[in-house]
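The structure appears below as structure tokens.
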There are 2 protein chains.
Amino acid sequence: MTVGDQLNTSLRLLAGDTFDSECPTRPIMDKVTSRWGTLIVAALVTGPHRFSALHRRIGGISQKMLSQHLKALVGSGLVVRTVEPTVPPQVTYSLTELGMSLAGPLTDLLGWFGRNRAELLAAQQQTAD
Amino acid sequence: MTVGDQLNTSLRLLAGDTFDSECPTRPIMDKVTSRWGTLIVAALVTGPHRFSALHRRIGGISQKMLSQHLKALVGSGLVVRTVEPTVPPQVTYSLTELGMSLAGPLTDLLGWFGRNRAELLAAQQQTAD
DNA sequence: CGGAATCCCCGTGGATACTG
DNA sequence: CAGTATCCACGGGGATTCCG
């Protein structure tokens, strides 16, 4: 990497350039936009959910992945974990303010996929030929 | 019916039951919302790009991943590949109509990450303690 | 220039079993 | 109920090399 590139990098970081490989939001973005991240956040849009409820709601996810992604989302300040000191223990996950603000753009994106499902699948078929 | 249920219903109507593990759009969604998919589409929003231009623009992507994801995007009908029969060959990628319609929601999402970068990083730091 | 092919490593992610 | 721990397989993804 040349000095010019470094300068370029610095400027882009300051500007919040999403394309820069050094952009620190990338790992977070990866988590959120990942296979399960989107679905978990989307599931929580409708309100708080318990662990097992999420597990049931989101088809095909394993406990490990759910727990792992939830931890990451909590760590990013998008989700809060609430523990009721009852027996048996009862843990509830819900979106933070930040998480709620993310929900808009995210569900828009999911909505797009829903609306354009037919065209996407059609394109897939053509290619498969 | 609670407010949550109403929201739930709306969301599922919009998304075409995105939570179903059998939903055929999932693999496509994974591709597009994946680490590189989002950035590639976002990069093409500003207009057609050549292979090397994309490679330069998107920091940290390998040729393999770029080529691979581009193929997937073409296969999904989001991107068109144009070959100029010159020497040396010149290949240009651009968004289809479908791709353009995706660009909106997608850049909104990227924009969200840009705007909330500070808060995300702050939350990360707190957790790291 | 724009890839395709190969090699190889490491992380993701699934299944299962165990803890508090 | 809500996880954690362990094992294990697969594929994502990087570096390199070669081709049209």
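Numbers restart at 1 for each chain; the letters A, B, ... are given by sequence-line order, proteins then strands. Because only heavy atoms are used, hydrogens play no part in the values below, and waters and symmetry mates are left out as well, while side chains stay in. For clarity, every value in this text was computed on a predicted model and none was experimentally measured.
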Distance-only check: which donor-acceptor pairs under 3.5 Å involve side-chain atoms of residues 67-92 of chain A, not counting sequence neighbours?
unit_1, atom_1, unit_2, atom_2, d
A:Ser76, OG, A:Ala72, O, 3.1
A:Thr86, OG1, A:Pro88, O, 3.0

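In this structure, A:His69 reaches the sugar-phosphate backbone alone: every heavy-atom distance under 4.0 Å involves primed, P, OP1 or OP2 atoms, never a base.
Every residue meeting the side-chain contact (heavy atoms from CB on, under 4.5 Å) condition with B:Pro24, not counting sequence neighbours, appears here in chain and number order: A:Arg117, A:Leu121.
For the pair A:Leu98/B:Leu120, a side-chain contact is recorded, criterion being any heavy-atom separation below 4.5 Å from C-beta on. Counting only heavy atoms from C-beta outward, the side chains of A:Ile58 and A:Ile61 approach each other to under 4.5 Å.
In this entry the distance linking CD1 of B:Ile58 with C1' of D:dG13 reads 15 Å, nearest Å.
A:Arg26 contributes a side-chain N or O that, together with a main-chain N or O of A:Phe19, makes up a donor-acceptor pair within less than 3.5 Å. Here the side chain of A:Thr96 pairs a donor or acceptor atom with the backbone of A:Gly99 at under 3.5 angstrom. Although no hydrogens or angles enter the test, the distance criterion places no donor-acceptor pair under 3.5 Å between the side chain of B:Arg57 and the main chain of B:Ser52. Put simply, the side chain of A:Trp36 never gets that close to the backbone of A:Leu66: no donor and acceptor are under 3.5 Å apart.
Counting 5' to 3', DNA chain C first comes under 4.0 angstrom of a heavy atom of chain A and last does so at the ends given by C:dG13 to C:dG20.
Taken residue by residue, residues 29-46 of chain B places heavy atoms nearer than 4.0 Å to DNA chain D at B:Arg35, B:Trp36.
In this structure, a donor-acceptor pair under 3.5 Å is present between the side chains of B:Asn116 and B:Trp112.
Separating the CG atom in A:Leu54 from the CD atom in A:Gln63 is a distance of 12.0 Å, to the nearest 0.5 Å.
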Pairwise N/O distances under 3.5 Å, protein to nucleotides 2-6 of chain D:
unit_1, atom_1, unit_2, atom_2, d
D:dA2, OP1, A:Arg50, NE, 2.7
D:dA2, OP1, A:Arg50, NH2, 2.7
D:dA2, OP2, A:Ser52, N, 3.3
D:dA2, OP2, A:Ser52, OG, 2.8
D:dG3, OP1, A:Arg81, NH1, 2.1
D:dG3, OP1, A:Tyr93, OH, 3.2
D:dG3, OP2, A:Tyr93, OH, 2.7
D:dT4, OP2, A:Ser67, OG, 2.9

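Note on the helix from C:dC1-D:dG20 to C:dG20-D:dC1: terminal axis deviation equals 50°, with five pairs used at each end and the result rounded to 10°.
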